[in-house]
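These notes concern the structure reproduced below.
Below, chain A is the first sequence line, B the second, and so on; all start at residue 1. Because the structure is a prediction, the values reported are computed rather than measured. Heavy-atom basis, side chains included; hydrogens, waters and symmetry copies ignored.
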Amino acid sequence: GNSVTQMEGPVTLSEEAFLTINCTYTATGYPSLFWYVQYPGEGLQLLLKATKADDKGSNKGFEATYRKETTSFHLEKGSVQVSDSAVYFCALRGGYSSASKIIFGSGTRLSIRP
Amino acid sequence: DTGVSQDPRHKITKRGQNVTFRCDPISEHNRLYWYRQTLGQGPEFLTYFQNEAQLEKSRLLSDRFSAERPKGSFSTLEIQRTEQGDSAMYLCASSLAELAGGPTAPNEQFFGPGTRLTVL
C-alpha cells in the first residue's frame, strides 16, 4: 500500500541555518504530496502541496519539489527562524488508492536555537 | 472562529469506560474525517463521511469504535470499553468534496485542534 517515510528527528539547528527534511514515498498512480506543520499547542496546518511531477510547492520560505523519478518530496528552507520550531509531517493523498484519506509520515521535530 | 472545532480538548478516563468526542466541521464542508495520532507518530486515518454517509472505514476502527454524522453537520466518535492502547490524540478534519467528474486537485482538509484521550 501507499506509504511515506521521512527523516527521523529531532533536528536542531541554529537560526539562519539551511534546512532539509527528507521525505520519500511509495504509491501507485499519481498521488498529491503535502507538507503539514504542527506548532506547539496548535492543530495541523497545511504548509505546502504539489499535485503532479516536477511541481514545486512553496510557502513561508519553505519549498518542496515533487520528484517522481526519485519518489521524493524533500522540504527545504534557506534560512530558518526560531518561529519555525514545530513538527513537520510529509504526507500523500490519492494515486490509485482512496482519494480521500491522507497518509502521513511519522513526523520530524525541528528545534531552532537563537 | 470558523475553523474546525473539537470537544472536549482533553479526556481522562478509566479503562473499560465509554467516551464520546464531538467534531464540528467548517460549515460549508460536506466531508468530515477522523484520524488518530499516537505519540511520536503521524496521524492515521480512521474513517470519513460525505454528508451523513460513512464512506470508508479503516481496519484500525475496531468494533469498539463507532462514528456518526446524523445530520451531515457535526460528528461524534464513540469508543466503548476503552483500553490503554486507545490513548491518543483524535483529530477531526473537514473539506469540500472533489468536483463532480473527478478531482483535478484534492480539496484541502482543515484540521481541528484534536481531543487528547488518556486511558488509565
Side-chain angles (χ1 to χ4, degrees), chain A residues 1-10 21 23-25 27 29-53 55 57 59 66 73 75 86-109, chain B residues 1 3-6 9-10 23 25-26 29-51 53-61 89-116:
Chain A
N2 293 353
S3 65
V4 175
T5 302
Q6 68 180 99
M7 181 170 139
E8 288 189 16
I21 301 178
C23 171
T24 57
Y25 68 91
Y30 302 94
S32 293
L33 302 176
F34 307 88
W35 278 98
Y36 281 82
V37 59
Q38 192 169 36
Y39 296 105
E42 298 185 17
L44 273 172
Q45 301 174 26
L46 178 64
L47 179 60
L48 55 83
K49 67 181 180 183
T51 57
K52 61 183 187 296
D55 267 2
N59 186 25
Y66 189 142
F73 193 55
L75 182 68
V87 181
Y88 292 81
F89 294 93
C90 185
L92 69 79
R93 179 180 178 183
Y96 292 154
S97 70
S98 166
S100 298
K101 67 182 179 185
I102 298 174
I103 296 171
F104 289 88
S106 57
T108 302
R109 181 174 299 277
Chain B
D1 189 341
V4 178
S5 61
Q6 294 187 243
R9 295 291 303 275
H10 303 273
C23 171
I26 294 171
H29 285 180
N30 50 5
R31 284 200 174 168
L32 186 149
Y33 311 79
W34 286 100
Y35 292 82
R36 181 175 70 187
Q37 185 178 13
T38 54
L39 200 62
Q41 298 298 314
E44 296 174 292
F45 171 81
L46 293 178
T47 188
Y48 91 94
F49 294 82
Q50 181 156 319
N51 301 313
Q54 190 172 17
L55 296 187
E56 187 174 350
K57 291 195 293 186
S58 163
R59 57 182 170 78
L60 294 175
L61 213 64
M89 178 77 85
Y90 290 84
L91 300 173
C92 176
S94 70
S95 76
L96 293 169
E98 289 85 7
L99 296 173
T104 56
N107 285 318
E108 180 181 348
Q109 293 184 18
F110 291 84
F111 284 82
T115 295
R116 182 170 295 284

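Heavy-atom distances place the side chain of A:Q38, and not its backbone, under 4.5 Å from chain B. If you measure heavy-atom distances from B:L91 to chain A, the contacts under 4.5 Å come from the side chain alone. For B:E44, no part lies under 4.5 angstrom from a heavy atom of chain A.
Atom CD of A:E8 is surrounded by 12 or fewer heavy atoms from other residues, nucleotides or ligands within 6.0 Å.
A:Y36 approaches B:Q109 most closely through the heavy-atom pair OH-O, 3.9 Å. Closest non-hydrogen pair, B:G42 versus A:F89, comes out as CA-CE2, 3.5 Å.
Counting only distance, with no hydrogens or angles, the side chain of B:Y35 and the backbone of A:I102 share a donor-acceptor pair below 3.5 Å.
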